[in-house]
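The structure under discussion appears below in the form of C-alpha cells.
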Amino acid sequence: MTVLHGTHVVLRPATEDDVPALAAIRATPEVRARWRGGDDLAAEVAEDLADPGTHVLTIETEGRIAGLIQWYAEDDPEYRHAGIDLFLDPSVHGRGLGTDAVRTLARHLVDDHGHHRLVIDPAADNAPAIRCYTKVGFRPVGIMRQYERGADGTWHDGLLMDLLADELVR
C-alpha cells in the first residue's frame with residue numbers, strides 16, 4: 001500500500017504496532033463519544049485492521065501517531081464510489097490536520113483509484129467535522145434520521161455528505 005504525504009500529515013498503512021496508540025486515542029472521551037466501543041478497544045482496532053473490505057491508514061504528524069483514517073470502495077459499476085471515516089487525537093484538534101488528512105486521501109482516491117464520487121457521514125451535530133469536510137469540497141446531501149445509536153442508547157441523526165471529483169479543493 002502506498003504512503004501518502006499531505007502538507008502536515010503522512011498517511012501510511014496501519015500495522016499491529018499502531019494498535020496501542022490508536023486504541024488510546026479511541027479511548028479519549030471526545031473520540032469515544034463518536035466512535036464508541038466496548039471494553040477492549042485494542043481488540044476492536046485490531047479487528048478493523050484485519051477487515052479485508054476496509055483500507056486502514058495511520059495518520060502521523062511530526063513523527064507521532066495522531067489518528068486513523070480509513071476508506072472502503074463500492075465497486076459495483078452502477079454505484080461505484082468510495083467512503084471515508086476518521087478520528088484524530090483531541091490534542092491535535094483545531095490545527096487543520098483532519099482537513100489535510102481528508103484532502104490527501106480524497107486526492108488519492110480520485111487520482112489513483114479513479115473514483116468520481118466520495119461520501120462521508122458525520123453525526124449531524126458534529127459541527128467541527130462538518131466544517132473540516134466542507135473545506136475539502138464535501139457538500140451536504142441530506143440528514144439520515146436516527147442513523148446511529150449513541151452511547152446513551154438513543155438514536156442520533158447523521159449527515160450524508162458527498163464530493164464529486166471536480167469539486168475536490170486541492
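Keep in mind that what you see is a predicted model, and the values were worked out from it rather than measured.
In summary, the side chains of Ser91 and Asp89 do present a donor paired with an acceptor at a separation below 3.5 Å, with no hydrogens or angles considered.
In this structure, the side chains of His81 and Asp76 stay at 4.5 Å or more apart for every pair of heavy atoms. Between Asp75 and Arg80, the closest side-chain pair of non-hydrogen atoms falls below 4.5 Å. Residues Tyr147 and His156 form no side-chain contact, since every pair of their non-hydrogen atoms from C-beta on lies 4.5 Å or further apart. Looking at Tyr72 and Asp51, their side chains never come closer than 4.5 Å, going by heavy atoms from C-beta outward. At least one side-chain heavy atom of Leu168 sits under 4.5 Å from a side-chain heavy atom of Arg107. Side chains of Arg139 and Glu167 form a contact here, defined as non-hydrogen atoms less than 4.5 Å apart. The side-chain heavy atoms of Pro122 and Met161, taken from C-beta on, include a pair separated by under 4.5 Å. Side chains of Asn126 and Arg34 form a contact here, defined as non-hydrogen atoms less than 4.5 Å apart.
Side-chain heavy atoms closer than 4.5 Å link hydrophobic residues (I, L, V, M, F, W, Y) into clusters, and following such links, even through other members, never connects Val31 to Val102. Hydrophobic clustering keeps Leu22 apart from Leu97 (ILVMFWY residues linked when any side-chain heavy atoms are closer than 4.5 Å, directly or through intermediates). Leu41 and Ile25 fall into different hydrophobic clusters, where Ile, Leu, Val, Met, Phe, Trp and Tyr side chains are chained together by heavy-atom contacts under 4.5 Å. Side-chain heavy atoms closer than 4.5 Å link hydrophobic residues (I, L, V, M, F, W, Y) into clusters, and following such links, even through other members, never connects Val110 to Val141. A single hydrophobic cluster is not seen to contain both Phe87 and Val136; linkage of ILVMFWY side chains at heavy-atom distances under 4.5 Å, directly or through other members, places them apart.
Remark: side-chain polar atoms of His55 are not paired, donor with acceptor, to backbone N or O of Gly53 under 3.5 angstrom. Without hydrogens or angle criteria, Arg103 side chain to Val169 main chain gives a donor-acceptor distance under 3.5 Å. With hydrogens and angles disregarded, no donor-acceptor distance shorter than 3.5 Å links the side chain of Thr58 to the backbone of Leu68. Asp162 places no side-chain N or O within donor-acceptor distance of the main-chain N or O of Leu118, the cut-off being under 3.5 Å.
Going from atom CG of Leu88 over to atom CD of Glu30 covers 11.5 Å, rounded to the nearest 0.5 Å. One finds the OG1 atom of Thr99 at 10.0 Å from the CZ atom of Arg131 (value rounded to the nearest 0.5 Å). Taking CG of Leu109 as the start and NE2 of His116 as the end, the distance is 13.0 Å to the nearest 0.5 Å.
A pairwise comparison of heavy atoms in Ala42 and Val19 identifies O-CG1, 3.4 Å as the closest pair. Heavy-atom minimum distance, Thr61 versus Arg95: OG1-NH2, 4.4 Å. Contact between Gly142 and Leu159 at its shortest, heavy atoms only, is O-CD1, 3.6 Å. Listed here is the closest heavy atom pair of Glu148 and Trp155: C-CE3, 3.3 Å. In terms of heavy atoms, Val119 sits closest to Phe138 at C-CE2, 3.9 Å. Here the shortest heavy-atom pairing between Ala14 and Leu49 reads CB-CD2, 3.3 Å.
Only one option out of Ile59, Leu86, Ile84 pairs with Leu105 in a side-chain contact (heavy atoms from CB on, under 4.5 Å); it is Ile84.
Between Lys135 and Asp100 no salt bridge is recorded (no basic side-chain N to carboxylate O distance below 4.0 Å). The pair Arg117-Glu74 does not count as a salt bridge, with every side-chain nitrogen at least 4.0 angstrom from each carboxylate oxygen. For the pair Asp157 and Arg145, the salt-bridge criterion is not met [side-chain N within less than 4.0 Å of a carboxylate O].
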**OP:** Could you go through the side-chain contact (heavy atoms from CB on, under 4.5 Å) check for Val3 and Val10 one step at a time?
**Re:** CA-CA 7 Å; Val3 174; Val10 172; 3.6 Å; yes

Original post:
Would Tyr133 and Leu163 count as a side-chain contact (heavy atoms from CB on, under 4.5 Å) if you check the C-alpha gap in whole Å, the side-chain angles of each, and the deciding distance to 0.1 Å?
Top reply: CA-CA 9 Å; Tyr133 308 149; Leu163 174 143; over 6 Å; no

Original post:
Run the side-chain contact (heavy atoms from CB on, under 4.5 Å) check on Glu60 and Val9 step by step: do they pass?
Top reply: CA-CA 6 Å; Glu60 289 186 343; Val9 299; over 6 Å; no

Subject >> Stepwise salt bridge (charged side-chain N to carboxylate O under 4.0 Å, His left out) check, Glu44 with Arg36 >> reply: CA-CA 10 Å; Glu44 290 182 35; Arg36 295 179 313 284; over 6 Å; no

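The aromatic rings of Trp71 and His108 sit perpendicular to each other, their planes meeting at more than 60°, with 30° as the lower class boundary.
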